[in-house]
Chemist: 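Attaching a single structure in structure tokens format; questions to follow.
Heavy-atom basis, side chains included; hydrogens, waters and symmetry copies ignored. Just so you know, ligand 1 is whichever comes first in the structure, and atom 1 is the first atom listed for that ligand.
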Amino acid sequence: MKRILNKETNKYLDKKVKTAGWVDSIRSHGKITFIDLRDVSGILQLVCKADIAKEIRPEWVIEVEGKISKRPNKMINPKLKTGEIELFIDELKVLSEAETIPFSIEGDGYDISEEKRMTHRYIDLRRQRLKRNITDRQKAISFIRSFLEEDGFVEIETPMLTKSTPEGARDFVVPSRLQAGKFYALPQSPQQYKQLLQIAGFEKYFQIARCLRDEDPRGDRQPEHTQLDLEMSFIDQEDVIELIEKLFISLVKKLYPEKKIQETPFPRITYSQAMKKYKTDRPDLRNPPAGGKKDPNLLAFCWVIDFPFFKKTDGDGWTFTHNPFSAPKPEFMDDLLKKKNVKSILTSQYDIVLNGSEVGGGSIRNHQSEALEVVFEIIGYKKQEVKENFGHMLEAFKYGVPPHGGIASGLDRLLAILLGEETIREVIAFPKTGDSRDLMMNAPSEISKTQLKELKIKLWEK
Ligand code: ASP
């Protein structure tokens, strides 16, 4: 007999079926024992004579065969998909025994230490709340994919082993064995590749991209995150804004119909207005109902625009505020080229904020190589360094560049907000700790002497 899912057993009233899963709980009622069997689709109540189940313990994996019957009326459980039926066990096979699990998976688990939960994440993921989060995450990503594909976007993978990009964070580096002494960088974002794909003529690119940034523990961050990364040619800021608003509004309508978007089109606010009025460039614009608390189903999106392009570094120089590949707003191009009034140059950067958290950002790019070179000079690169680090971009810019721009939206944060979670760790299957450790795999870890030798790497004495 072929195993079926618990949720399918409803269709087999008075018939014999085979199901399998984990023992969620056992209740013994004298001569009869009840087992709640859990599989990916939910719970099914099993019934058997006490002696058949006397060895069975919670979290054992079992397979059972038996007849599906209607439950007596007073035993119906309206909370379960299979609440009106039960399976009377004819045969029970133990597929795997289990030790007592290190923490309970009943309930939401917020009260259990995260260290514990992360160390045995595969057990934590048995929890219904996390199953739902991870499944909903996939639904959202699938929705985004279809939406963009229908709009003519092509999903293109870009390399994980690449060259350092200046995105404002530290790179994770990977030593090369074949080119000993040289290093790849893991991508902080596919920024340069997606621009090169525009030069290649793809016009509408997207990717559900992993981005890696070696950041110090700060707030609710992860060393790797997933973003919806996209780029388009022959467009302006309005096109990107319109696309993202349409995408987010339809995503919420389809998958989170209980949520209400406070205002559409999403309001826009300049960086300087935001700082003046809210003292932050991520304002939370939710208007709570009079006298009430913040409505958990209220979504207040807004765009923040007109950021300064540059800011002073700790030393005497300048650095970029967002993205060195952004174009200045057109009226500041002249100042940029002349390196005049650097402080007042505004960038074409636009950020999208949801309930006080940044959930995306992008810009119209600087597609003229002279102007891009000037940006790098302002932030202190010598001509030779520009060539070494960005020569490939300047070279590509010689061969016909369409005007282009794009955006990236941090999906972990977006989903955490939509799913009502406080931290992005709750929507990531295998998150890391604040100091970037994977407690389950015990990573990072030392590597063997042989590996080091092959890489021609000598470690500094501690
Ligand atoms: N590369 C930027 C980021 O990862 C997004 C963009 O400008 O498209 O934040």
Chemist: For Q188, state whether at least one heavy atom is located under 4.0 Å from any atom of ligand 1.
Modeler: no

Chemist: Using a heavy-atom cut-off of under 4.0 Å, does the side chain or the backbone of S189 touch ligand 1, or both, or neither?
Modeler: side chain

Chemist: Counting only heavy atoms not in F202, do more than 12 fall under 6.0 Å of its CZ?
Modeler: no

Chemist: With a sphere of 6.0 Å drawn around CG of D316, does it hold more than 12 non-hydrogen atoms of other residues, nucleotides or ligands?
Modeler: no

Chemist: Answer yes or no: are there more than 12 heavy-atom neighbours, outside W22 itself, under 6.0 Å from its atom CH2?
Modeler: no

Chemist: Between ligand 1 and H322, can you find any atom pair, the residue atom being a heavy atom, that is separated by under 4.0 Å?
Modeler: no

Chemist: How about CD on E59, more than 12 heavy atoms from neighbouring residues, nucleotides or ligands closer than 6.0 Å, or not?
Modeler: yes

Chemist: Quick test of your reading of the structure: of R213, Q191, H225, whose heavy atom lies closest to atom 9 (O) of ligand 1?
Modeler: R213

Chemist: Would you mind telling me if ligand 1 is within reach of the side chain of R365, the backbone, both or neither, using heavy atoms under 4.0 Å?
Modeler: side chain

Chemist: Decide whether an N or O pair under 3.5 Å exists between K194 and ligand 1.
Modeler: yes

Chemist: What atoms in ligand 1 come closer than 4.0 Å to a heavy atom of Q227?
Modeler: 4 (O)

Chemist: For ligand 1, which atoms, with element, lie under 4.0 Å from some heavy atom of N323?
Modeler: 7 (O)

Chemist: Quick check on the 6.0 Å ring-centre criterion: do Y381 and F390 meet it?
Modeler: yes

Chemist: Taking the six-membered ring where the residue is Trp, are the ring centres of F248 and F301 under 6.0 Å apart?
Modeler: yes

Chemist: May I ask you to list the atoms of ligand 1 that are less than 4.0 angstrom from any heavy atom of G362?
Modeler: 6 (C), 7 (O)

Chemist: Give the numbers and elements of all ligand 1 atoms closer than 4.0 Å to a heavy atom of I407.
Modeler: 8 (O)

Chemist: Between Q195 and Y205, is there a side-chain donor-acceptor contact under 3.5 Å, judged purely by atom types and distance?
Modeler: no

